[in-house]
Structure formats: structure tokens, C-alpha cells
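Heads up: the structure comes next, in C-alpha cells.
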Amino acid sequence: MRTARPGRVKQRKPGRHWEAESSGTGVSGLPAVGRDTAMGTAERARVHGPSAHTGGRTGLPSYKPLWVEEPARRRRLPDPVRSAAVRAVLIVSVTLIQAVVAFLFSVSGSWLAFPMVLSSVAGTVVATWAALDVWVTRQVWNQRDGVVSVPSSTARARRRERRQARREARAAERAQKRIRGRGGAGRLSHP
């Protein structure tokens, strides 16, 4: 048997507290804290009793989800507006990085400072265009597909056309089912 050193711990039994080799207690005379091995679900249920994670039953694992779905507080942005917004955020972030690099190059006196300042100016123009693109895309989407009650909106006519197309598609589908329901009597020829 190895000689015991003060403060060292050894494993007594799986699932029990660690205890010092010398006296069965920690350095301060109190039982040592911690686990020597990772407990399984059944062992944890025996030690701690049933829990909410096991659904109140011992030995049967019931896993808690990583996140809980919550209803959105605001409606989702339309696809064209969202893609314009993502594009604008990426362009603005690249422009900010360019501006920081241009500043650092000019402080250090590098020859790359002038080209970086020029590219930062160009990036600022493009970032402004991207932000305006988000606004214009949102306005266009609202006029075409958004609010129906505004007199200048074209959404009412487009929705009417979509409704008519859906009605015609449903009528054609019903007619097709009716033909199939007669056992092929409506067909002119058989394949």
C-alpha cells in the first residue's frame, strides 16, 4: 500500500464523497466535498430522489429541452426587406472595420493609410446606399403587399388576383376529383 500524504484524496466507492487518505476527513476535519465519478441517472435518482428532470419517476430519464419556444412579439420582416437589412449590416460592419484599420495605419505612419482612407470613404458611400436600400425596399413592399387600406396601395388588386387564382385552382381540382369519382366515365379515351 502507498503511503498516505496529507491533503490527498482517494476514491472509496463510486458515488460517494471523496475522502482524504490519511483520516477519512478533509484537511479541516470535515468530510471532503465532491464526487469521484459522474453519477448515472438511476444513481442520481437513488441519492436525490425523484426530480422534475425525471418526470417525478425514479430511474426513467426525461430530458429538459435546451430552450423553450416563445411566440414572437413582432411580426417577421418580409423576405426582401430582411435580406436588404442583412446586406446593410454586413456592409456597415466591413466599413467600420475599414475605418478602424485606416485610423490605425495612419497613426502608425504606414503607407497603407492613404488607400485605406480612400476605401473607407467608398465604404461609407456604399453603407449609406445599403441603409437607404432597406428603407426603400420596406416602402415598396408595404405598398405592393402590405397595408390594404391605403388608397395608393396596389395590394388590394394583387390580393384579389391571388384569391381568384386560388378559386380557379380549387375549382379545377374539384372537377378533376369529380371525373375520377365517376370511374373514368368522363374520359374520352382510355390509355
Side-chain angles (χ1 to χ4, degrees), residues 34-35 38-41 44 48 51-56 60-181 186-188 191:
R35 298 272 181 218
M39 287 194 294
T41 305
R44 191 171 20 257
H48 299 294
S51 69
H53 297 298
T54 59
L60 297 174
S62 169
Y63 299 102
K64 184 177 167 184
L66 291 176
W67 64 84
V68 178
E69 294 285 336
E70 294 180 0
R73 291 189 180 139
R74 294 188 324 171
R75 289 176 48 202
R76 177 176 155 144
L77 281 175
D79 288 339
V81 179
R82 192 172 59 251
S83 61
V86 168
R87 190 170 44 243
V89 165
L90 291 174
I91 290 172
V92 166
S93 63
V94 167
T95 302
L96 287 174
I97 290 171
Q98 279 183 332
V100 168
V101 169
F103 172 74
L104 293 175
F105 277 162
S106 57
V107 166
S108 67
S110 173
W111 65 272
L112 288 171
F114 182 68
M116 285 305 293
V117 167
L118 288 180
S119 68
S120 295
V121 169
T124 303
V125 171
V126 173
T128 306
W129 168 83
L132 285 174
D133 181 45
V134 173
W135 181 68
V136 168
T137 306
R138 183 172 168 268
Q139 295 297 332
V140 167
W141 190 90
N142 276 337
Q143 186 170 4
R144 285 187 186 160
D145 302 302
V147 183
V148 179
S149 61
V150 177
S152 64
S153 176
T154 58
R156 181 177 288 120
R158 294 185 76 198
R159 286 187 181 178
R160 190 180 308 125
E161 290 169 5
R162 284 197 299 260
R163 256 194 320 267
Q164 182 66 28
R166 278 197 304 265
R167 263 191 229 120
E168 290 171 0
R170 282 195 305 264
E173 187 178 331
R174 279 195 304 268
Q176 195 67 12
K177 283 183 182 177
R178 223 177 306 127
I179 291 172
R180 283 191 214 120
R187 287 191 228 156
L188 296 177

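Positions are given from 1, in the same order as the sequence printed here.
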Checklist entry - Side chains of L104 and V100: does their closest heavy-atom pair fall under 4.5 Å? => result yes

Answer yes or no: is there a donor N or O on one side and an acceptor on the other, between the side chain of [X] and the main chain of [Y], under 3.5 Å?
X: R82; Y: L77; result: yes
X: S120; Y: Q98; result: yes
X: T95; Y: G123; result: yes

Output the distance between atom [atom1] ([X]) and atom [atom2] ([Y]), rounded to the nearest 0.5 Å.
X: R162; Y: R160; atom1: CZ; atom2: CZ; answer: 12.0 Å
X: S83; Y: D133; atom1: OG; atom2: CG; answer: 8.5 Å
X: T128; Y: I91; atom1: OG1; atom2: CD1; answer: 10.5 Å
X: F114; Y: F105; atom1: CZ; atom2: CZ; answer: 15.0 Å

Item to check | Qualifying residues under salt bridge (Lys or Arg N to Asp or Glu O under 4.0 Å), relative to R76, sequence neighbours excluded | outcome: D79

Checklist entry - Can you name the salt bridge (Lys or Arg N to Asp or Glu O under 4.0 Å) partners of E173, sequence neighbours left out? => result K177

Item to check | Shortest non-hydrogen contact from A84 toward T137 | outcome: CB-OG1, 4.1 Å

Next on the checklist: So which atom in V134 and which in A88 form the shortest heavy-atom distance, rounded to 0.1 Å?
Outcome noted: CG2-CB, 3.8 Å

Checklist entry - Looking only at side chains, do Q143 and Q139 share a donor and an acceptor under 3.5 Å apart? => result no

Checklist entry - How about W67 and E69: does a side-chain donor come under 3.5 Å of a side-chain acceptor? => result yes

